[in-house]
*Asks:* 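First, the structure itself, so that you have it in front of you.
Just so it is clear, the values below take in all heavy atoms, side chains as well, and ignore hydrogens, waters and symmetry mates. These numbers were taken from a predicted model, which means no experiment stands behind them.
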Amino acid sequence: MVKVQLPDGTVVEHPDGVRVVDVLRALSPRLADQAVAAKVDGQVVELSTRLTDGQVKLTALKIDDPEGLHVARHSAAHVMAEAICQLWPNTKLVYGPPVDNGFYYDIDLDHSLTPEDFERIEARMAEIVKENRPFVRYEMPRDEAMRKLEAERNEYKIDNALRAEGDTLSFYSTGEPGKSFEDLCRGPHVPSTGRIGAFKVRQVAGAYHHGDATKQMLQRVYGTTWPNKKALQEYLHMMEEAKKRDHRKLGQELGLFTISPLVGTGLILWKPHGATIRHVLEEELRKELIARGYQLVYTPHIGRLDLYRTSGHFPYYRESQYPPLFESERARMLNRLWELAGEAGEQASPAEIELFSDVAAEHEDLRQAGYPKSAPREERQRRIRAWLAVEDGYLLKPMNCPHHIQIYTSEARSYRQLPVKLAEFGQVYRYEKSGEVNGMTRVRGFCQDDAHVFCTPQQLPDEIAECVDLSQFVLKMIGLTDYRVRIGLRDPDSKKYIGSDENWRMAQEALRRSVAAAALNSSEEVGEAAFYGPKIDFVVRDCIGREWQLGTVQVDYNLPERFGLTYIGEDNSEHRPVMVHRTLFGSMERFVGILIEHFAGKFPLWLAPVQVTVCSVSEKSAAYAAEVAAACRTAGLRTELDNSSERIGAKIRSATMMKVPYILVVGEQEMRNGAVNVRTREGQQYGSFRLSDFLAACATEIATHGEKTPAPGGQAPAVEGASVTHAGG
RNA sequence: GCUGCUGUAGCUCAGUGGUAGAGCGCCUCCUUGGUAAGGAGGAGGUCGUGGGUUCAAUCCCCACCAGCAGCUCCA
């Protein structure tokens, strides 16, 4: 006997071995028909699962339950795989899991699928759905299953099987086993192919097998499926809406920024309107930084290579840096010699030996030091370092910290001065790989709102807490209230970290305590620390549900060590300070890009590049409109004047499309009584106001950062992606 | 960096083996209009770059560059 406990608490009894679907049917035939899967004691299973003795808790899952939909998506992946295999019989299936908002299937196929193929695949899927064949699960002992897979000569499935756990492997056949399409798969699945919902094949893209860039590239076919046609349409519509707020599109339309291939990939040109937004953000932050005891500094965009050798950034991150600048061939040679001297066992290539032979005619000293490698390594390094002090290459700075450290070391520091908090909107350059560059969110040149706090170990907890508090200040300033904190901790088993256990323990504790004290929603992730210290990242959720990583706070015992930083303590002896690296916005480029999408281009008044557009109704009111515009500007509002010969409707339309918060319509009527007629970009007409009242209201709204932009309602899909949430295939 | 797709006017996009079009924008003129597009005329393109095939290439082929989607990566 099986005692089945239903969600409402009632218990029904069935004979041992009863199928889930039979239990449901006994309750309600309709429920049995609607269910796509079920949950037994918290585990999602399919309807054909047999229940054996004891007591279980059972919940039916319909396709509109999240977990039911998940199962349906997994099944849809199988149906799509079957369709593809029918259309292209030499397809090798690899892996096909459900993901957020849909599913995908990785395939190995010589034919490159195109969007035209999608329709054929969908048509074939529709037939399979119509046939409504059952998903039949059958199991085999592992060795028998392996023989079967060997016979099918699909190395990917064999690989999947080798990775699977357990003594038996399960297969799913859509229809009678042996006579129908089948696939190695853990399941569970919907009862039959007719139950996968309203689907669409959406796109195809490359994906590495097991996500390993050294492995072969497969085709990943993405599809989506929803409980019904309406939900599918809503989803597709939402994707369109998300596209509309794409910062690249809005940046173009609103004249915020541009990218010129002639300037370079991933290098942002801030147009006046975009620059205004950035300027406002920077000013707001500067004011706060000064209030909190930060000191603002400026440092150059480049620095000597030796600076970055000392910091460890060069050549360690060479792959993601622009190539070094060398003033002379000798400087280039010195750098190469330094690299060779530093890396035991590295051999110079014949071409290099030739280069050195050629140039060595003019630089006999280098030849002596570098080739042949007669001198001991330490000696060679010492001599090269001495030359480098005279002649060296330069690097576009990948980070600001080495420069800030030089400011720290430029004077003797007393414990009385600490903490020293140096802040800079510092431009840095990182050579992102070509495929990574994307709009403003992933660029090769960007401005960090960077700061470095140099403090005593005792001050560290307070300083971290201060950084956390400042981060919250910034997020609040923008109105990004939905965020969490990720604490990146050291993986005790990994060797990649430097520094003493005691330092790590202290730093991690300080981070934890600060986050806890601020009562932040946080998660800890082991192995996510920087190699020199633990960190916390602020992850915000924008108004359509996407997550973005913004600021970060990192504790660093490493650079103070490498640069030999000191301060004189109370005991009149030298001590080593601790550094905290932190950014709040992250990068100005990325942050503004995120804001564009978050606000869908409708910036709140205080941030809007153009706050007011004054539109004259006719030429008769043009002079008055100019007066109004001038008054607005005097009051500090970023104002545009439209005295063109267009009709008022066209002027309003054009300002509305530029998403200007307030449109002031002024005609003869307003002129007579010194008024302005206020209209918003949302189309609301506030009517006539005295100009002074309007200006006062704007001043208040700006000062309070009043949220004038209602977030669009409804929930949008998370970023299109492939977070695998269920094993399958 | 990898796989696939794309590259035509400032923007969004049609189009053809015989050197090109629309809408919006821009300029000029007319219009002086009261809350999301008034009318007319005009200017503007080496069809991403470089090779190749061809009598002839914007179109077909190759390479490169750039963009897009995804994968991988992000001190």
*Asks:* Does any N or O donor sit under 3.5 Å from an N or O acceptor when you compare the side chain of A:E670 with the base of B:rG34?
*Replies:* yes
*Asks:* Go ahead and name the base partner of B:rG41; Watson-Crick or wobble counts if both distances stay under 3.5 Å, otherwise write none.
*Replies:* B:rC27
*Asks:* Take atom NZ in A:K200; do more than 12 heavy atoms of anything else shown fall under 6.0 Å from it?
*Replies:* no
*Asks:* Only pairs with both distances under 3.5 Å count, Watson-Crick or wobble alike; so what is the partner of B:rC64 in this structure?
*Replies:* B:rG48
*Asks:* Tell me the interatomic distance from A:M217, atom CE, to B:rG1, atom C1', rounded to whole angstroms.
*Replies:* 9 Å
*Asks:* Rounding to an integer number of angstrom, what distance separates B:rG1 and B:rC64 when you compare their C1' atoms?
*Replies:* 16 Å
*Asks:* Would you indicate what A:S112 reaches in the nucleic acid, counting non-hydrogen atoms under 4.0 angstrom: base, sugar-phosphate, or nothing?
*Replies:* sugar-phosphate
*Asks:* Report yes or no: is there a donor-acceptor pair, N or O only, under 3.5 Å between the side chain of A:D212 and the base of B:rU72?
*Replies:* no
*Asks:* Would you kindly compare A:R679 and A:G435 by the position of their nearest RNA chain B nucleotide and give the one closer to the 5′ end?
*Replies:* A:G435
*Asks:* Counting only Watson-Crick pairs (N1-N3 plus N6-O4 or O6-N4) and G-U wobbles (N1-O2, O6-N3), all under 3.5 Å, who is the partner of B:rG70?
*Replies:* B:rC2
*Asks:* Would you say the ring centers of A:Y662 and A:F694 fall short of 6.0 Å from each other?
*Replies:* yes
*Asks:* For B:rC59 versus B:rU72, give the span between their P atoms, rounded off to a whole number of Å.
*Replies:* 36 Å
*Asks:* Sticking with atom C1', work out how far B:rG50 lies from B:rG41, rounded to a whole angstrom.
*Replies:* 40 Å
*Asks:* Can you tell me how far P in B:rC29 sits from the matching atom in B:rA20, rounded to whole Å?
*Replies:* 31 Å
*Asks:* For B:rA22 and B:rG33, measure between their P atoms and round to the nearest Å.
*Replies:* 33 Å
*Asks:* When rounded to the nearest Å, what value does the distance between P atoms of B:rC60 and B:rA14 take?
*Replies:* 15 Å
*Asks:* When both hydrogen-bonding distances must be under 3.5 Å and the geometry is Watson-Crick or G-U wobble, what is B:rC55 paired with, if anything?
*Replies:* B:rG18
*Asks:* Starting at the 5' end of RNA chain B and moving along, which residue's nearest nucleotide shows up first, A:P398 or A:H210?
*Replies:* A:H210
*Asks:* Give the rounded distance in Å between these two atoms: CE of A:M657 and C1' of B:rA36.
*Replies:* 8 Å
*Asks:* What nucleotide, of B:rA75, B:rG34, B:rA66, holds the atom closest to the side chain of A:Y317?
*Replies:* B:rA75
*Asks:* Looking at the side chain of A:Y208, which of B:rA69, B:rC71, B:rA75 is the nearest nucleotide?
*Replies:* B:rC71
*Asks:* Less than 4.5 Å apart, any side-chain heavy atom of A:Y394 and any of A:P324?
*Replies:* no
*Asks:* What distance, rounded to whole Å, do you find between the two P atoms, one in B:rU6 and one in B:rG21?
*Replies:* 25 Å
